[in-house]
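All remarks here apply to the structure that follows.
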Amino acid sequence: MKRLGLLLCLAIVFVLGCHPSRKNAAKGFLEISYRFNEAAGVQPSFQTAIWLEDENGNLERTLFVSEYLSYGGFHDSTICSNWSRKANWDNIDESVFDAVTAATPSVGENILKVDCKKENIMPGTYRCCIQVHIVEKFNIMYYGTIKIGDGKIETKAGALYSPTKYPQAGDVLND
């Protein structure tokens, strides 16, 4: 059965030890799961960006960027445009670049697991976003509000299609 939304799962697992620069970071993991589906008659690019924003919509941290997007695709304003506008990727530190860049996710179930303490993510309320490029100027973005540091929670995300829902591939990103 198809589910209508991306589930953003936050599972808190207590971690022992304390690094001085991370002593106030949240303990545990942020787990983001999503599914890519094949589309009839079109081959989506599946270029993907996943990030956290503060409550005012400012970029807090990029958590994942697919390889092509990180190595220059961010200059194309039609690919993951919401993330590209906020990321200032030209000026990103190389260690951050290396930590979040990976191969484009494949069709099927995908899970991104982030160690909050290791990544120095502070407890708080965030907007978690995942944007996927389909073709040409068409993208899908799911977003949901999460509270990091409050134990295990699940939230359904809203969808934003830009510029509109692509007819043959409107459901390539779900769950």
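This structure is a prediction, so every number in the text was calculated from the model and none was measured.
Atom CD of Q168 is surrounded by more than 12 heavy atoms from other residues, nucleotides or ligands within 6.0 Å. Residue K86 places its NZ atom among more than 12 non-hydrogen atoms of other residues, nucleotides or ligands, all under 6.0 Å distant.
Residues Y34 and P105 have side chains in contact (heavy-atom distance under 4.5 Å, counting atoms from C-beta outward). A heavy-atom distance below 4.5 Å is not found between the side chains of C129 and N82. Side-chain contact between R61 and V96: absent, with no pair of heavy atoms (C-beta onward) separated by less than 4.5 Å. Put simply, the side chain of L173 reaches to within 4.5 Å of the side chain of F36, judged on heavy atoms. Contact of the T145 side chain with the T125 side chain is registered, since non-hydrogen atoms from C-beta on lie closer than 4.5 Å. Looking only at side-chain heavy atoms (C-beta outward), R35 and E109 come within less than 4.5 Å of each other. A 4.5 Å side-chain heavy-atom check between S81 and Q131 finds at least one atom pair inside the cut-off. The shortest side-chain heavy-atom distance between I146 and L52 falls under the 4.5 Å cut-off.
Of all heavy-atom pairs spanning K117 and A25, the tightest one is NZ-O, 3.7 Å. Nearest heavy atom pair, residue I111 against residue E31, reads CG2-CG, 3.5 Å. Nearest heavy atom pair, residue Y161 against residue K165, reads CB-N, 3.5 Å. C116 and A26 make their closest contact through CB-O, 3.4 Å (heavy atoms, listed as atom of the first residue, atom of the second, distance). Closest of all the heavy-atom pairs between Y126 and M122 is OH-O, 2.7 Å. The two residues L112 and F64 make their nearest non-hydrogen contact at CD2-CB, 3.8 Å.
Side-chain atoms of Q47 come within 3.5 Å of backbone atoms of L69 as a donor-acceptor pair (strictly under, hydrogens ignored). The main-chain N or O of Y68 is never found under 3.5 Å from a side-chain atom of S66 such that the two would form a donor-acceptor pair. The main-chain N or O of N58 is never found under 3.5 Å from a side-chain atom of N56 such that the two would form a donor-acceptor pair. In this structure, N139 contributes its side chain and T78 its backbone to a donor-acceptor pair below 3.5 Å. Side-chain atoms of S70 come within 3.5 Å of backbone N or O of E67 as a donor-acceptor pair. Not one N or O on the side chain of N120 forms a donor-acceptor pair closer than 3.5 Å with the backbone of K118. Remark: the backbone N or O of H133 is paired with a side-chain donor or acceptor of S45 at under 3.5 angstrom. Distance alone, capped at 3.5 Å, is enough to place a donor-acceptor pair between the N37 side chain and the D171 backbone.
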Practice item. Evaluate the side chain to side chain contact (heavy atoms under 4.5 Å, CB included) criterion for residues S162 and M141: first the C-alpha distance (whole Å), next the side-chain angles of each, then the deciding distance (0.1 Å), finally the verdict. Key: CA-CA 8 Å; S162 60; M141 185 173 94; over 6 Å; no
Practice item. Could you walk me through whether W83 and V65 pass the side chain to side chain contact (heavy atoms under 4.5 Å, CB included) test, one step at a time? Key: CA-CA 10 Å; W83 172 81; V65 182; 3.5 Å; yes
Review point. Between V100 and W51, does a side chain to side chain contact (heavy atoms under 4.5 Å, CB included) hold up when you go through it step by step?
Key: CA-CA 10 Å; V100 301; W51 70 96; over 6 Å; no
Check your understanding: Would L63 and L30 satisfy side chain to side chain contact (heavy atoms under 4.5 Å, CB included), going step by step from the backbone distance to the final call?
Key -> CA-CA 10 Å; L63 302 174; L30 170 62; 3.9 Å; yes
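One distance of note links CZ of R127 with CG of D54; it measures 11.0 Å at 0.5 Å rounding. Atoms NZ and OH, on K137 and Y166 in that order, are 11.0 Å from each other to the nearest 0.5 Å. Here the NZ-CG distance, from K27 to N24, works out to 10.5 Å after rounding to the nearest 0.5 Å.
Taking the six-membered ring for Trp and thresholds of 30 and 60 degrees, F74 and W89 have ring planes more than 60 degrees apart, a perpendicular arrangement.
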